[in-house]
Amino acid sequence: MEVQQFYYDNKIVKKFLYAAILFGVVGTLVGLLLAVMFIFPNITDNIPWLSFGRIRPLHTNAVIFAFVGNTIFAGVYYSLQRLLKTRMYSDVLSNINFWGWQLIIVAAAITLPLGFTSSKEYAELEWPIDIAIAFIWVVFGINMIMTILNRRERHLYVAIWFYLATFVTVAVLHIFNNLEMPVNLFKSYSVYAGVQDALVQWWYGHNAVAFFLTTPFLGLMYYFLPKIANRPVYSYRLSIIHFWSLIFLYIWAGPHHLLYTALPEWAQNLGVVFSVMLIAPSWGGMINGLLTLRGAWDKVRTEPVLKFFVVAVTGYGMATFEGPTLSLKNVNAIAHYTDWIVAHVHVGALAWNGFMAFAIIYWLLPRMANTQLYSKKLANFHFWIGTLGIILYAIPLYVAGFQQHMMWKQFNPDGTLKYGNFLETVTAIMPMYAMRAIGGTLYVIGILVLVYNIYKTMSAADAIEDELAEAPELTRIAPNRIKGERFHAWLERKPIQLTVLATVAILIGGIIQIVPTIVVDSNIQTISSVKPYTPLELEGRDLYIREGCVNCHSQMVRPFRSEVERYGEYSKSGEYVYDYPFLWGSKRTGPDLHRLGAKYSDNWHFNHMYDPQSTSPGSIMPAYKWMFKNQAMDVSEIETKMRVMQKLGVPYTDQEIANAKTNMKKQAEKIEKNLMNDPDFVKSYNESKKAAAASGDQFVPMSEREITALIAYLQRLGTDIKVNEKK
């Protein structure tokens, strides 16, 4: 049999690893800034593009898609070539994948701080970038699949099963969750509304964690851990069970993010059932990884790379036990909307994804450069300070989560809330926020140590070149199963059939949950009093989305006695039929806002947005002073927005659209008139008018400023249905 020589493409792997290091530093530094903002909320006062609501999605996107994403591509490109004994199908496609992905990251880093966002968790980027992501992802998929078809190794190793499932599922999730109708280049509305949008979003949101942060890293674990430990995978049979059960069950679990909400009860219960079942395959993967180290634990003591792997796999096990536990309704009632969820997410991100990325970086770059790591002592220091950082980050937030729950739920003997002022529950956990910032600082120090260690390693090494390899050409055998060949062994040499079966496995759960919710009208109760937003309220809602208010405030009163007592009547599914997109939120740093309308005066909202501490002493909400400047709100596109809404099914009439600007002005002037009831406001307003006249600047009436539209939206919230007025 003739042996062929070829070269592995190491240069593309190097590019992705360097990008991962760069964005790992950027993403964690932004996260640290956010942690500091909880303690010093006005640290970026009056800088709109550095406000909490705008850079919080920048942090999550930088860590998930830039840091972790580049690590995934690096690991896949390195391992795939060696598992298939061939070079990547196309160097051109590889480089399009690399440069296209980096341009997407740069586009996100520019647009998110500028306020261009869809507000959907982990899918905040606007429609042109969504299209670019889909294109680059398809480029990656074509390159991977063609490499598999051109392979010199007959059977596909378990890591490749996970890579294929990742490609197919992320493509399906991304496309269906980001179906949007554009208004302009930087603005669009989701085609789903309210309850349906919430279900599709968390079908995507949960499985973005599953199929971007989990399955590709499991594939990398199955390749790199045995390679570094020089041990075979513990159980081939367990890897088969792990793969198929994981991809089938995971896709059903999204509704557990929406327990006790307006989502139909049957969908919630399905999510709980499949979430609990997820413990088995998840722990099967963890056990398979850790038991692969049998006979190699002496190496763990001396090799920092294996230390990172052990904590990473353990972190995966902890997070995947905690996730199904949190999906139980009685546990979810405690944890949801609290900092417990933040701790849970970061155990997975910092330990599982972060530590595995560090292990791959420490092992791969010196290996490809034919050198040794500059300092194992520094790598060990990184490991220990990073581990301590995770502990100091997570444990205080677990404590904070329990304390929030207990304070939110406590009643006095007379039936009133013991902590009726939400701010009492915020100020009580400030020490935990300070400890979280310390933990984050230690983790960032660890990454900076990695940067120094890798810099010293690579500056003293030879340039990374493509690696010479050789293997015999793959000989053809019968396409059908050979006598005695097991079905899965046959499937492993049939990549198309394997991919099709994986696609079917991941589609079943999504179809059964989403299609009935969209098609069957009885899932969403009809409330005749619920009307579309007025033009000014629609504009205000877009400003609310732009400023990222949904990051800290929910709009979903759950049917708990404590929440009804605190906020008002619990939320109904029919109230959200015109919400494109939904804004239920996933964290309460501030109180729920669904019943906020008519609760406070226009002047209160005005003062609260300009200086939150003036109306709410002890508040950690930042000010939004740029919304008060002499910049007219953009009403030029309100008719276009309403026509897009009309196409989505919102019953705006042509006459209402034609009169939109006139109606906006009337409602805004009414709010301006209400503001004039405050003598302090009148005095300040007249002074600013005189100052503008003296300087020759154009004076913009309050009725045309952004803050007026935002007040209109806030005053509308929860007022469409009659509720029992609380004394």
Side-chain angles (χ1 to χ4, degrees), residues 1-17 69-70 72-101 134-171 215-216 218-220 222-224 226-227 239 243 360 364 367-368 464-482 485 487-503:
M1 188 179 295
E2 183 182 353
V3 175
Q4 299 176 336
Q5 287 192 332
F6 55 93
Y7 286 90
Y8 292 134
D9 185 357
N10 283 345
K11 292 176 182 176
I12 192 66
V13 179
K14 175 191 70 175
K15 289 177 184 176
F16 277 116
L17 285 176
N70 277 303
I72 291 169
F73 289 128
V76 169
Y77 276 111
Y78 182 87
S79 61
L80 196 67
Q81 297 180 82
R82 286 151 181 83
L83 289 170
L84 300 174
K85 298 291 189 292
T86 185
R87 188 180 178 89
M88 291 304 298
Y89 169 70
S90 168
D91 289 2
V92 172
L93 291 180
S94 297
N95 281 289
I96 291 174
N97 183 185
F98 174 77
W99 290 110
W101 197 254
F135 173 75
I136 296 301
W137 193 252
V138 168
V139 167
F140 163 65
I142 292 172
N143 206 9
M144 177 171 64
I145 291 168
M146 292 305 297
T147 304
I148 292 171
L149 296 178
N150 291 341
R151 69 194 186 279
R152 294 185 177 88
E153 188 70 38
R154 189 176 312 283
H155 285 266
L156 303 182
Y157 179 63
V158 56
I160 301 174
W161 314 345
F162 281 100
Y163 300 160
L164 286 170
T166 297
F167 166 67
V168 170
T169 312
V170 169
T215 54
L218 287 169
L220 299 180
Y222 274 115
Y223 177 80
F224 285 101
K227 199 84 172 173
S239 68
F243 172 73
I360 291 170
L364 260 190
R367 187 180 183 87
M368 291 192 298
I464 292 177
E465 300 292 345
D466 290 350
E467 182 183 333
L468 179 64
E470 58 181 30
E473 188 177 359
L474 187 63
T475 56
R476 289 185 174 276
I477 64 170
N480 298 323
R481 288 170 63 182
I482 302 168
E485 184 179 34
F487 171 75
H488 208 275
W490 170 81
L491 192 63
E492 288 166 29
R493 59 183 176 87
K494 294 292 179 182
I496 302 300
Q497 288 88 331
L498 177 68
T499 304
V500 169
L501 277 180
T503 305

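Values below: every heavy atom of this structure, side chains too, minus hydrogens, waters and symmetry copies. Keep in mind the model is a prediction, meaning the values are calculated, not measured. Residue indices begin at 1 and follow the sequence shown.
For the ring pair (Phe, Tyr, Trp, His ring centres under 6.0 Å) test, no residue two or more places apart in sequence or in another chain qualifies with Tyr157. For Glu153, the side chain to side chain donor-acceptor pair (under 3.5 Å) criterion is met by no residue, not counting sequence neighbours. Scored by the side chain to side chain donor-acceptor pair (under 3.5 Å) test, Ser79 finds Tyr163 as partners (sequence neighbours excluded). Partners of Glu492 according to the salt bridge (charged side-chain N to carboxylate O under 4.0 Å, His left out) rule, which considers only residues two or more places apart in sequence or in another chain, do not exist here. Here Arg154 pairs with Thr475 under the side chain to side chain donor-acceptor pair (under 3.5 Å) rule; sequence neighbours left out. The side chain to side chain donor-acceptor pair (under 3.5 Å) search around Arg493 returns Glu485, not counting sequence neighbours.
In this structure, CG on Asp466 lies 9.5 Å from NZ on Lys14, to the nearest 0.5 angstrom. Within the model, atoms NZ of Lys494 and NE2 of His488 stand 15.0 Å from one another, a figure rounded to the nearest 0.5 Å. One distance of note links CE of Met144 with CG of Leu164; it measures 5.0 Å at 0.5 Å rounding. Distance CG/Asp91 to NZ/Lys11: 9.5 Å, rounded to 0.5 Å. Atoms CG and OG, from Leu218 and Ser239 in turn, are 11.5 Å apart once rounded to the nearest 0.5 Å. To the nearest 0.5 Å, atoms CG (Leu491) and CH2 (Trp161) are separated by 8.5 Å.
Listed here is the closest heavy atom pair of Ile148 and Pro495: CG2-CB, 3.5 Å. Closest approach of Thr147 and Arg87 over heavy atoms only: CG2-O, 3.7 Å. Listed here is the closest heavy atom pair of Ala159 and Leu83: CB-CD1, 4.1 Å. Minimum interatomic distance between Leu220 and Ile72 (heavy atoms only, all atoms of both residues): CD1-CA, 4.3 Å. Nearest approach of Ala489 to His155, heavy atoms of both residues: O-CE1, 2.9 Å. When all heavy atoms of Pro472 and Arg152 are compared, the pair lying nearest together is O-CB, 3.5 Å.
Contact of the Leu156 side chain with the Leu84 side chain is registered, since non-hydrogen atoms from C-beta on lie closer than 4.5 Å. Contact of the Asn97 side chain with the Asn143 side chain is not registered, since no non-hydrogen atoms from C-beta on lie closer than 4.5 Å. In this structure the side chain of Trp99 reaches within 4.5 angstrom of the side chain of Lys15, judged on heavy atoms.
With respect to Lys85 and Glu470, no salt bridge is recorded, no charged nitrogen being found less than 4.0 Å from a carboxylate O.
With a 6.0 Å radius and a threshold of 12 heavy atoms from other residues, nucleotides or ligands, Tyr89 has its OH atom at or below the threshold.
Between Tyr77 and Phe16, the ring planes lie parallel to each other; the angle is under 30°, not in the 30° to 60° tilted range. Between Phe224 and Tyr78, the ring-plane angle classifies as parallel under the 30° and 60° cut-offs.
Between the Gln81 side chain and the Asp9 main chain, a donor and an acceptor come within less than 3.5 Å of each other. At distances below 3.5 Å, not a single donor-acceptor pair connects side-chain atoms of Trp490 with backbone N or O atoms of Ile482.
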From CA spacing to verdict: ring-ring contact (aromatic ring centres under 6.0 Å, His included), Phe73, Phe98
CA-CA 8 Å; Phe73 289 128; Phe98 174 77; 9.4 Å; no

